[in-house]
Structures are given as structure tokens and as C-alpha cells.
Enquirer: 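The structure is given below, and queries will be raised subsequently.
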2 protein chains.
Amino acid sequence: MGVTKAHIFSVEQNELAQAAKVLAHPARIAILEYISKQEACICNDLVDVIGLAQPTISQHLNEIKKIGLLEGTFEGKNLCYCINQNRWVELQEAFHTFFSNINRNCC
Amino acid sequence: MGVTKAHIFSVEQNELAQAAKVLAHPARIAILEYISKQEACICNDLVDVIGLAQPTISQHLNEIKKIGLLEGTFEGKNLCYCINQNRWVELQEAFHTFFSNINRNCC
DNA sequence: TGATTTTATCGTAATATTGCAATATTAAAT
DNA sequence: ATTTAATATTGCAATATTACGATAAAATCA
């Protein structure tokens, strides 16, 4: 993000931007959509499903983890990823609030 | 964005990611919040309100324009920016759909 | 134990983003 | 016609992102 002056903005503004940044890549959208469609949790079908190399998928998962959107067991073989529902709802509400607080006036 | 392989993802995934990218900077969140709070349209109070240099604000406005979120008259002096309501609602719904289509199962 | 499988990490190349000074452009005001 | 004010554009430095090959780590299997 270059040299963003995060400190001149509010915590809320930075948090929403941070969440948006995680969604700002189609691979991460695709990963979240895929995980959300599985009945059970997934392991590394992602490499095949998404079509990016394994280290790249791992990096993307890490970005998603960093804002708390993933949970599950992360040890050794046969990992299990799933979406943290509470965090999901939190972000959903943050975006909903942002989009709702809009003035209807224009020039 | 480095070397994103956009072509391996769907149009919808790319569009949502593109919209998220615009929201992925606190300055752009702040700009949109500020414009949305004004009764009338704004000109360049933004430089003072946001606290970034004029060229930087201009760049951020351009990013927001590129996804069609701003409208108004854009000529010479005394510009008038406001939010394109239709586009706003479109994005709002895109995010809403994304956040709603989530499976409740986990491991 | 040794081989295999799954995920993470490191290193690095290519590209994108952020921010600003300097400068150009545009339109109104004098 | 000049000056002034508001935006846009250019160029550049600093930093971040994306992607992948190579390799490490961790757990299971034979």
C-alpha cells in the first residue's frame, strides 16, 4: 500500500479499509466463496479449484486469517479451514453500515 | 497489485474485488463518508478535511470515479462531486449478496 | 525408520500503490 | 488580457502486493 498515512484516519476507517483490502483480490473472493459453499471444511482442494500455486494460496489464506475470518485446526497435514461466523457478521455489518449511511442529495 | 491473474476468475469475482479495492484505503472511505454527509455537493474542502496533499486527493477521487461512484460536473474551477446513487446501490447489493451467501457449517 | 503428503516459509522478480513537489490546465474574476 | 483559484497530470521515491520455485516443517503411511 505504498506509504499510507493510516494515523490521520479513524480506527473505524482504517478497519473497514483493512477488511476491504482482504476482499480486494479475486482469488480471496473465490477462496471465501468456495469455503462457504462446502458442507464440511476444506483442505487443499483450493490449489486445484483456484488455479494458483500452493505458496500463493497459502499466502492468500494468511491474509484472510489476519483479519480473523478463518478458523479451524491448523496443524500439519489435513488442515481444516472454515469461516469464523462472528467475525464474518462483524464485517458484514461494518460494510452494511458504511453503505447505509449515505446522503440522498446531489447536485 | 503485483501480477494478479485476473483472467482465471469470474467477471463477478473480479468486479467485487475491484470495488473492494476502491474501499481498501482509509482516505477513500473518509472521502466517501464526507461527501455523503454533505447536504450539497462539495468542492475542495477535501484537502483540508482529509489532510492529504491536493494531488493525492485528486488521485483518490479518480480511483473512486473509475468505478462509477462519483458524478457531477467536472470542469475547471468549482467542481461538484457527488455520489452516483445507482452505482452505490449496485455495489451495496454486490457486497450484501457476497456476505449473505455464506454457509453456516464449520468443523 | 523412511517415504509421502500437506502446508508454511523464504527469497526474489514483476508490478501496483501511495504520496507529494512541480507544473499544467481550466474557468472565473478583475 | 492578466491574475487568481481549483483541479488534473507528470515524474519520482518509498513501500506493498502478487506470484512462484525451492525448501522446510509436520504429520501420516508403509
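Order of the sequence lines sets the chain letters (A, B, ...), proteins ahead of strands, with each chain counted from 1.
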Enquirer: Figure out the CG/P separation between A:Asn44 and D:dA25, and round it to whole Å.
Expert: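 To the nearest whole Å, that distance equals 20 Å.
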Enquirer: Could you list the residues that satisfy side chain to side chain contact (heavy atoms under 4.5 Å, CB included) with B:Ala53, not counting sequence neighbours?
Expert: B:Pro55, B:Thr56
Enquirer: Within residues 46-60 of chain B, find the residues that approach DNA chain C with a heavy atom at under 4.0 Å, and present them sorted by residue number.
Expert: B:Leu52, B:Ala53, B:Pro55, B:Thr56, B:Gln59, B:His60
Enquirer: Return the set of residues passing salt bridge (Lys or Arg N to Asp or Glu O under 4.0 Å) with B:Glu15 (not counting sequence neighbours), or none when no residue passes.
Expert: none
Enquirer: Where the side chain of B:Thr4 is defined as all heavy atoms beyond and including C-beta, which of C:dG19, D:dA19, D:dT17 is the nearest nucleotide?
Expert: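 Nearest nucleotide to the side chain: D:dA19.
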Enquirer: Applying salt bridge (Lys or Arg N to Asp or Glu O under 4.0 Å), can you list everything that pairs with A:Lys5, at least two apart in sequence or on another chain?
Expert: none
Enquirer: Starting at CD of B:Glu63 and ending at C1' of D:dA8, how long is that distance when rounded to a whole Å?
Expert: 14 Å
Enquirer: Provide, to the nearest angstrom, the distance between the CD atom belonging to B:Gln18 and the C1' atom belonging to D:dT17.
Expert: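 Atom-to-atom, B:Gln18 to D:dT17, this comes out as 14 Å.
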Enquirer: Which residue is it: B:Val22, B:Leu69, B:Leu23? I am looking for the one with a side chain to side chain contact (heavy atoms under 4.5 Å, CB included) to B:Leu91.
Expert: B:Leu69
Enquirer: Between D:dA8 atom P and B:Lys66 atom NZ, what is the distance in whole Å?
Expert: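 Atom NZ in B:Lys66 sits about 14 Å away from atom P in D:dA8.
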Enquirer: With respect to the phosphate group of D:dA16, does any side-chain polar atom (N or O) of A:Lys21 fall under 4.0 Å of OP1 or OP2?
Expert: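 So the side-chain polar atoms of A:Lys21 never come under 4.0 Å of the phosphate oxygens OP1 or OP2 of D:dA16.
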Enquirer: What is the separation between atom CG on B:Leu70 and atom P on D:dA8, rounded to the nearest whole Å?
Expert: 10 Å
Enquirer: What is the separation between atom CG on A:Asn62 and atom C1' on D:dT18, rounded to the nearest whole Å?
Expert: 14 Å
Enquirer: Would B:Phe95 and A:His96 satisfy side chain to side chain contact (heavy atoms under 4.5 Å, CB included), going step by step from the backbone distance to the final call?
Expert: CA-CA 8 Å; B:Phe95 278 97; A:His96 180 257; over 6 Å; no
Enquirer: Please confirm whether the shortest side-chain N or O distance from A:Lys65 to OP1 or OP2 of C:dA8 is below 4.0 Å.
Expert: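 Result: yes.
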Enquirer: Among the candidates C:dA8, D:dT7, C:dT18, find the nucleotide nearest to the side-chain atoms of B:Tyr81.
Expert: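 Closest of the options to the side chain of B:Tyr81: D:dT7.
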Enquirer: Taking atom C1' of D:dA19 as reference, at what distance in whole Å does atom CZ of A:Arg28 sit?
Expert: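 It is 12 Å, rounded to the nearest whole Å.
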Enquirer: Given atom NZ of A:Lys5 and atom P of D:dA16, what is their separation to the nearest angstrom?
Expert: 15 Å
Enquirer: Return the set of residues passing side chain to side chain contact (heavy atoms under 4.5 Å, CB included) with A:Glu90 (not counting sequence neighbours), or none when no residue passes.
Expert: A:Arg87
Enquirer: Listed by chain and number, what are the ring-ring contact (aromatic ring centres under 6.0 Å, His included) partners of A:Phe9, not counting sequence neighbours?
Expert: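 Listed in chain order: nothing, the list is empty.
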